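The structure appears below as structure tokens.
Per chain, numbering begins at 1; letters A, B, ... match sequence-line order. Predicted model, so just to flag it, every value in this text is computed and none were measured.
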Amino acid sequence: MTVDIDGIRKRTWRYWYEDGLSEIALGVLYLAVGGLFLADALLPKGPGHVFLSTLGLPAVLIGGAWLGRRAVQAAKERLTYPRTGYVRYPRPGGRRRLLSGTVAGLISALAVLLLRAAPSARAWLPGVLGLVIAASYLYVGQRFGLGRFRALAAFSAVAGVGASLAGLSMLEGSAAYFALAGTALVAGGAVTLRRYLRQSQLQPIGVVDEP
Amino acid sequence: MSPDLRELGNVDRIIHEPARLMIVAILSAVESADFTYLQRETGLTKGNLSAHLARLEEAGYIRIEKSFRGKVPQTTCSLTTDGRRALRAYRAYLKRAVESFEV
């Protein structure tokens, strides 16, 4: 009997993604962001529009992330843990949070500088977003050994670049990108969830976990 | 007997056993995991898993907590600091053993 310690650890981390619930939640968040960009592009200028373009995105991102985390946890309690067991993951340490925050901050600052220096580059925002998000999918796929994240990365890059080349405005292109990327995530997550539910059985009520 | 060979006999036998090594490796990646998850991942029978968990708890490598999740009883296991230290030492031991081995 051989024991692949690193493989076991990787599989344990991968368990979080096994039911596709986190992808569905992220997809819904992307669809909300896409809807916000579309509303921003279509609504006539006015007080409501100012609110949308200044506070709308942070509100959707922060509120959506908060709601999404709770929704995924509640769904896992109901669907995943009774079938294949409960796992509690450690919270990311301060160093990792600082690194993620720094990378996100640098990318945002670069994007703002680029848009100010060359307003004509605005149409390329969806393409840049698509490539950055594709890179993050590739990182997750590689770290946890998730093949389907490579397909999501390819789709994100193609959708982003495609939205930039389609001749849309920055807001319309971003709306199109998030709508496509969100739909892909929800669809992929739903397929994964369906497969998971078919392959795993609910423990009969009254069965004691340990003899 | 050479010192290298003598060191081979000093392996931590609690963690060296493959089923227990699997359990410790799983728990080293998480904060805690329940009995159902451990059984699914290790492929052990309930009785066998229970015996290995008791051995690890006895050695002070894991902590076992029994509670209820709703109306369902739940046994949750987590690695202790000693358990984490033992896994690190075991990995270092294996590395040394492989490096000193020549055919």
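- Contacts between A:Arg11 and chain B at a heavy-atom distance below 4.5 Å involve backbone atoms as well as side-chain atoms.
- Within 6.0 Å of the CD atom in A:Glu77, the count of heavy atoms belonging to other residues, nucleotides or ligands exceeds 12.
- Here the side chains of A:Tyr89 and B:Glu31 are not in contact, with every heavy-atom distance at 4.5 Å or above.
- Atom CD1 in A:Ile5 sits 6.5 Å away from atom CG in B:Leu94 (nearest 0.5 Å).
- A salt bridge links B:Arg40 to A:Glu18: one of the charged nitrogens lies within less than 4.0 Å of a carboxylate oxygen.
- Judged purely by atom type and a 3.5 angstrom limit, B:Asp34 uses its side chain to pair as donor or acceptor with the backbone of A:Tyr86.
- For the pair B:Arg91 and A:Asp6, the minimum side-chain heavy-atom distance is below 4.5 Å.
- When all heavy atoms are compared, the tightest approach of B:Ala29 to A:Pro90 is O-CD, 4.0 Å.
- Within the 4.5 Å cutoff, the side chain of B:Thr36 has no heavy atoms near those of the A:Thr84 side chain.
- Within the structure, the side-chain hydrogen bond (donor to acceptor under 3.5 Å, both in side chains) test picks out the following pairs touching residues 149-158 of chain A (sequence neighbours left out): A:Ser156-A:Tyr177.
- The aromatic ring centroids of B:Tyr37 and A:Tyr15 lie less than 6.0 Å from each other.
- Here the side chain of A:Arg9 pairs no donor or acceptor atom with the backbone of B:Ala25 at under 3.5 angstrom.
- If you take CD1 on A:Ile8 and CG on B:Leu21, they are separated by 6.5 Å, rounding to the nearest 0.5 Å.
- The number of heavy atoms from other shown groups lying within 6.0 Å of CZ (A:Arg70) is above 12.
- Counting heavy atoms from C-beta outward, B:Val30 and A:Arg88 have side chains that stay 4.5 Å or more apart.
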